[in-house]
Amino acid sequence: MKQAKKSLKESYDKMSINKNLNVFWQIGAMPLYTLGNKSFINDYNYYTKTKNLYGDINLKYFSVDIENVLERNPDIIIIINMGYLGIKEKEIWQKYKLLNAVKNNKIFVLDEKDLFMLTPLTFSKSVEILINIIYRSV
């Protein structure tokens, strides 16, 4: 536990980047599902110095429509892998050329075991994964 906390603090402290990038967390499709500020995923936003696109919603998980996501224009889209469906979802998002996440090539499909199988040590490793994909070529 101490090592995980130390690792998190080191990761956080070494990040000089703080662009307040908005992240859309897609955790389901048909219907399109995301998460609000009651989800532990917000901890990832804190440690990666990003903001949850739906951090203003006082729920854990809920459905949204694509038009609302487009309106909010996320800088990053993280799709929790749903097998082949995760790849299809990425292809769908890439059709929206005016979306910041598309313009900046910041749509990622991640395996749920990297983000949802939580122990203090795996959380710390997940933060490192997120930092690496979010800030690579920023």
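Numbering starts at 1 and runs along the sequence shown.
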Check [X] against [Y] and note the closest heavy-atom contact, atom names and distance.
X      : Y      : result
Lys97  : Lys103 : O-CG, 3.2 Å
Thr34  : Ile27  : O-CD1, 3.6 Å
Tyr61  : Phe40  : OH-CE2, 4.1 Å
Thr48  : Tyr135 : O-OH, 2.5 Å
Ala101 : Ile77  : CB-CG1, 3.8 Å
Phe62  : Gly36  : CE2-N, 3.4 Å

Checklist entry - For Asp56, what residues pass the salt bridge (charged side-chain N to carboxylate O under 4.0 Å, His left out) criterion, not counting sequence neighbours? => result Arg72

Less than 4.5 Å apart, any side-chain heavy atom of [X] and any of [Y]?
X      : Y      : value
Leu85  : Met30  : yes
Leu130 : Leu110 : yes
Ile57  : Asn37  : no
Asn20  : Lys51  : yes
Leu35  : Lys60  : no
Trp93  : Leu70  : yes
Tyr47  : Tyr44  : no
Val69  : Leu32  : yes

Checklist entry - What class does the angle between the rings of Tyr54 and Phe24 fall in, given that below 30° is parallel, 30 to 60° is tilted and above 60° is perpendicular? => result perpendicular

Value rounded to 0.5 Å, distance of [atom1] in [X] from [atom2] in [Y]:
X      : Y      : atom1 : atom2 : result
Glu71  : Asp65  : CD    : CG    : 8.0 Å
Ser126 : Asp43  : OG    : CG    : 11.5 Å
Phe108 : Asn132 : CZ    : CG    : 10.5 Å
Ile133 : Ile107 : CD1   : CD1   : 11.5 Å

For [Y], does its backbone N or O pair with a side-chain atom of [X] as donor and acceptor, under 3.5 Å?
X     : Y      : result
Asn22 : Leu53  : no
Lys90 : Ile79  : no
Asn73 : Asn100 : yes

Checklist entry - Are Asn42 and Asn52 linked by a side-chain donor-acceptor pair shorter than 3.5 Å? => result yes

Checklist entry - Can you list the steps and then say if Ile134 with Lys106 is a side-chain contact (heavy atoms from CB on, under 4.5 Å)? => result CA-CA 7 Å; Ile134 289 169; Lys106 294 289 183 183; 5.7 Å; no

